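To keep things clear, I will list the structure first and then write my remarks on it.
Whatever order the structure lists them in is the order used to number ligands and atoms, beginning at 1. Just the heavy atoms: all of them, side chains too, but no hydrogens, waters or symmetry mates, feed the values below. Predicted, not measured: the structure shown is a model, and the values here were computed from it.
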Amino acid sequence: MRLLFIGDVVGGIGRRTVRALLPVLRERHALDFVVVNGENMAGGVGITPKGAEELFGLGVDAITLGNHTYRHREVYAYLDSEPRILRPANFLRGQPGHGSCVVERDGVRLGVVSLQGNLFMKTGRPAFSEADAVLHDLDGRVDHVLVDMHAEATSEKVGMGWHLDGRVTAVVGTHTHVPTSDARILPGGTAYITDVGMTGSRDGVIGVRREQALEALITHMPVRFETAEEDPWLMGALITASQPMRADAIEPVLEPARDVE
Ligand SMILES: [Fe+2]
Ligand SMILES: [Fe+2]
């Protein structure tokens with residue numbers, strides 16, 4: 001099983017980067033599954049049904065989200081009706097959407113789970129007990145499980161890696177948009193990385209045009225943010241596995257998109 005997870009796709013430049021590089025990476029790595037965090041697809045914040053459909057059209061198997069899930073009202077009904085798009089499972093039960101799904105390719109069943117941290121974020125219910133509940137629900141229905149832990153605090157992400165070690169194939173971190181250099185296989189066989197990075201412009205401040213981000217940082221006044229456009233990169237992680245719920249390897253994918261504008 002060869003799975004590419006792609007970190008937060010930011011804006012139009014992020015979408016164009018995925019469109020340009022996914023076929024190349026699919027061939028290079030003989031990918032079985034592709035999962036994408038899409039919480040920043042629409043203008044840098046949130047996602048629309050059209051954006052999600054574009055990813056599914058590229059052969060993406062599932063989309064995970066995060067704290068920007070509900071920015072665009074038009075996606076609410078779509079979150080309820082489309083099984084392959086996931087908002088964090090530990091949001092309030094009354095919020096639109098659901099937090100896990102099972103996708104299948106060539107007889108291999110992959111469970112995908114979206115979770116969000118509880119530190120410094122508005123997340124309705126606890127991530128750790130919800131992770132246990134979701135795994136209980138997936139039990140017997142999957143060969144592999146990928147968990148996207150969308151969180152601000154590195155401690156919470158590392159903790160989730162240990163909590164799920166030996167029980168899922170991979171725990172990958174998102175939200176901070178900056179790749180970490182701690183990709184490894186934990187002792188129980190779970191692939192882990194604290195943050196895979198983002199997909200979009202490396203020229204700005206975690207996706208925002210840098211002069212606007214700097215103005216806000218320097219003046220402490222409200223500034224209208226736009227998506228940075230230069231120097232696009234696709235960032236993610238490649239996970240391989242030869243037996244159920246155990247990863248053989250995880251390696252960061254940091255790929256510049258040279259001809260994308
Ligand atoms: Fe993000
Ligand atoms: Fe986020």
Side-chain angles (χ1 to χ4, degrees), residues 4-18 34-48 51-52 54-55 60 62-72 75 79 85-92 95-97 99 112-127 130-131 146-160 171-180 193-210 212-213 216-217 225-229 231-237 252-254:
L4 176 66
F5 177 80
I6 298 177
D8 303 28
V9 176
V10 181
I13 188 69
R15 297 200 302 273
R16 294 193 292 282
T17 300
V18 173
V34 179
V35 178
V36 177
N37 185 300
E39 73 147 5
N40 303 104
M41 279 187 67
V45 186
I47 189 167
T48 59
E54 188 184 334
L55 288 183
V60 167
I63 299 171
T64 54
L65 297 168
N67 51 304
H68 296 306
T69 296
Y70 301 120
R71 172 57 80 96
H72 301 286
V75 85
L79 292 174
I85 188 167
L86 310 175
R87 50 81 157 164
N90 57 323
F91 276 1
L92 294 174
Q95 290 178 283
V112 183
V113 181
S114 174
L115 289 171
Q116 185 167 293
N118 297 99
L119 293 173
F120 321 122
M121 303 180 91
K122 196 172 189 176
T123 311
R125 298 183 304 116
E130 182 64 22
L146 169 79
V147 174
D148 174 0
M149 177 63 174
H150 195 79
E152 194 79 57
T154 49
S155 58
E156 244 184 335
K157 298 199 241 188
V158 171
M160 186 60 78
V171 176
V172 292
T174 55
H175 177 67
T176 42
H177 289 198
V178 179
T180 55
I193 185 169
T194 297
D195 201 304
V196 301
M198 57 164 269
T199 295
S201 170
R202 210 180 54 163
D203 191 55
V205 175
I206 62 168
V208 172
R209 279 177 59 181
R210 69 168 180 263
Q212 296 171 346
L217 289 165
F225 283 170
E226 290 161 322
T227 305
E229 295 285 327
D231 190 21
W233 284 61
L234 184 150
M235 299 184 186
V253 173
L254 302 168

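- Between the side chain of Glu156 and the backbone N or O of Leu119 there is at least one donor-acceptor pair closer than 3.5 Å.
- With a 4.5 Å cut-off on side-chain heavy atoms, Ser114 and Pro88 count as touching.
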Applying side-chain contact (heavy atoms from CB on, under 4.5 Å) to Val18 and Glu54, what does each step give before you reach the verdict? CA-CA 10 Å; Val18 173; Glu54 188 184 334; over 6 Å; no

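- Heavy-atom minimum distance, Ile13 versus Thr17: O-OG1, 2.7 Å.
- Note: Phe91 and Tyr70 have tilted aromatic rings, judged against thresholds of 30 and 60 degrees for the angle between ring planes.
- With contacts defined as side-chain heavy-atom distances shorter than 4.5 Å, the pair Asn118/Asn90 qualifies.
- Protein N/O/S atoms closer to the Fe ion (ligand 1) than 2.8 Å number 4 in this structure.
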